[in-house]
Amino acid sequence: MNPTDILLEYWPRLLDGTLMTIKLTLLGAMIAAIVSPFFALVRTQASPVAQAPLRLYISFMRGTPILAQLFLVYYGSGQFRPFLQEWGLWGFFRDPFNCALLTFALNSTAYQTEILRGGIMGVNQGEIEAAKAVGMNRITTLRRIVFPHAYRIAWPALGNEVILMMKASALASVVTVFDIMGRSRQVFSRTFDFSVYLWAALIYLCITAIFVLLWRLVEQRLSRHIAPKSSAHSPKETSV
Amino acid sequence: MFELLSFGDAGWGDEMLRGLAITVQLAAVTLPVGLILGFLAAYASLSHARPLRFIGYSYTTIMRGLPEILTLFVVYYGVGLLLNALALWWNPESRGIDFSPFAAGVIALGMVFGAFAGEVIRGAFNSLDLGQAEAGRAIGMTKIQIFRRIQLPQLWRFALPGLGNLWINMLKDTALVSVIALNDLMRMTKVAVGVTKQPFTFYLTVCLIYWAMCLASEFVLAWMERRANRGIRRA
């Protein structure tokens with residue numbers, strides 16, 4: 001079959017897969033984004049003893065294949081079935097989407113925590129002292145001084161992490177989640193037409209490209225006060 | 001639980017060890033392939049010839065944007081089809097060639113490693129001191145001599161941390177070949193799970209094995225970095 005025929009015939013499936021990939025990636029990254037600031041604070045401010053379990057968790061998540069983590073959650077939960085049923089959690093672990101989402105969120109939390117830790121440590125100590133000098137309490141300092149600056153430093157690395165998450169989400173197809181990869185495998189097993197994988201590659205590249213563009217726009221907005229003034233001739237525009 | 005992981009007929013220890021051997025072999029063979037591709041990619045993207053630069057940039061950009069598992073599938077099925085077509089064209093009566101999953105794994109993981117390594121090496125090359133290459137030229141060294149005696153030793157020092165990270169990522173990515181039926185550590189574990197019905201025990205064990213390999217790699221890499229930087233004064 002002609003490569004375009006494959007696309008014309010199976011585009012609804014691929015579109016469905018694309019939406020699933022985006023859903024999985026964004027949800028996973030967002031759950032991690034909610035948890036990781038707290039973990040990052042523990043990593044920068046708590047005592048070494050309090051940090052130990054967190055460090056172990058991060059090291060484990062970064063030192064094992066995400067496929068093994070996914071299998072551990074999805075298949076491994078089966079070993080505790082009676083227990084999980086008793087607690088009413090079995091329904092959650094039986095669904096491959098939930099398991100994939102849980103795995104990706106746990107994995108991304110580890111990475112995002114380390115990235116944010118780097119950002120927090122990059123905040124100028126003088127700024128924190130200044131905040132203390134004008135009488136800000138700890139929470140206000142974190143909210144107004146530390147985190148805005150830390151996120152600005154960490155932003156590009158966080159974007160890379162989301163892209164890695166998007167690429168890793170293709171692994172969900174191995175546990176029968178129908179994302180782009182899952183749909184492509186389904187179409188391939190039906191048609192034996194190899195070109196569907198090339199279409200899948202194109203879709204992944206498009207998602208990455210669009211994401212990089214959007215991320216850079218936000219980055220520009222986050223650092224608009226330190227951006228080089230490109231329109232020096234028209235002062236009105238620089239105030240945007 | 002320990003009986004399940006013991007060696008011999010009762011346990012799965014020896015099967016998993018054989019799988020581990022395949023995983024280590026795969027990573028060890030992929031590393032030189034990836035490094036060579038990385039150097040070629042860096043050479044292409046630093047080249048003055050526009051078409052070469054375009055090829056270098058396209059390769060690194062595309063490969064870095066694709067999921068590793070998709071690359072593996074494209075290589076496994078795509079190259080398999082290509083080889084079969086070539087075999088049929090060469091000899092219409094041949095029954096086609098079996099493309100081994102091991103070779104597919106090496107090519108796919110090597111291509112991914114090469115794309116990331118290309119960026120690392122390019123960055124390292126850009127941070128070299130230009131004056132030293134000029135000095136080399138001034139005393140009449142050839143381009144190859146300058147590369148081998150001046151640039152390469154320092155390139156190594158700048159690129160080592162990045163390449164070390166890539167090695168660890170690649171080691172973890174070898175788990176993907178279990179999906180295309182290579183009997184690596186991950187797949188042997190799956191087989192063991194199928195028989196024993198103890199998924200959590202076995203997948204946790206396999207995680208611990210990968211974790212140990214990554215920690216050992218980090219340890220060796222830290223030693224290599226100290227060694228590579230031994231001639232450098234610390235600020």
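Chain A is the first sequence line, chain B the second, and so forth, proteins listed ahead of strands; every chain is numbered from 1.
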Q: Quick check for you: among B/Ala175, B/Ala212, B/Cys214, B/Gly65, which has the greatest number of heavy-atom pairs under 4.5 Å with chain A?
A: B/Gly65
Q: With respect to chain A, which residue among B/Met213, B/Glu68, B/Glu218 yields the maximal number of heavy-atom pairs within a distance under 4.5 Å?
A: B/Glu68
Q: Does the ring center of A/Tyr197 lie less than 6.0 Å from the ring center of B/Phe73?
A: yes
Q: Without hydrogens or angle criteria, can the side chains of A/Thr103 and A/Gln69 be said to hold a donor-acceptor pair below 3.5 Å?
A: no
Q: Please flag which part of B/Ile209 lies under 4.5 Å from any non-hydrogen atom of chain A: side chain, backbone, both or neither.
A: neither
Q: What part of B/Val206 gets within 4.5 angstrom of chain A, counting heavy atoms only: side chain, backbone, both, or neither?
A: side chain
Q: May I ask you to name which of A/Ile180, A/Leu72, A/Ile66 has the most heavy-atom pairs under 4.5 Å with chain B?
A: A/Leu72
Q: Determine the interplanar angle of the A/Phe83 and A/Trp87 rings, folded into 0 to 90°, and report it as parallel if under 30°, tilted if 30 to 60°, perpendicular if over 60°.
A: tilted
Q: Where does B/Leu66 contact chain A at under 4.5 Å (heavy atoms): side chain, backbone, both or neither?
A: both
Q: Does the side chain of B/Trp12 pick up a donor-acceptor pair with the side chain of B/Thr196 at under 3.5 Å?
A: no
Q: Please determine if B/Lys197 forms a cation-pi arrangement with B/Phe202, meaning its NZ or CZ atom is less than 6.0 Å from the six-membered ring centre and no more than 45° off the ring axis.
A: no
Q: Determine the option with the most heavy-atom pairs under 4.5 angstrom with chain B, choosing from A/Ser173, A/Gly78, A/Ser59, A/Ala68.
A: A/Ser59
Q: For B/Ile62, which atoms come within 4.5 Å of any heavy atom of chain A: side chain, backbone, both, or neither?
A: both
Q: Look at A/Phe80, A/Tyr75, A/Phe71 and state which one has the largest set of heavy-atom pairs under 4.5 Å with chain B.
A: A/Phe71
Q: What part of A/Thr208 is in contact with chain B, defined as an atom under 4.5 angstrom from a non-hydrogen atom: side chain, backbone, both or neither?
A: side chain
Q: Please look at A/Leu67 and chain B and tell me whether the side chain, the backbone, both or neither of the residue comes under 4.5 angstrom of a heavy atom of that chain.
A: both
Q: Would you check if the distance from the ring center of B/Tyr77 to the ring center of A/Phe188 is below 6.0 Å?
A: yes
Q: Please confirm whether the backbone N or O of A/Leu198 pairs with a side-chain atom of A/Ser195, one donor and one acceptor, at under 3.5 Å?
A: no
Q: What part of B/Ser178 gets closer than 4.5 Å to chain A, counting heavy atoms only: side chain, backbone, both or neither?
A: side chain
Q: For the ring pair A/Phe211 and A/Trp215, is the centre-to-centre distance below 6.0 Å?
A: yes
Q: Which atoms of B/Leu81 come close to chain A, meaning under 4.5 Å heavy atom to heavy atom: side chain ones, backbone ones, both, or neither?
A: side chain
Q: Using only atom types and a distance under 3.5 Å, with no angle test, would you say the side chain of A/Tyr111 pairs donor to acceptor with the backbone of A/Leu164?
A: no
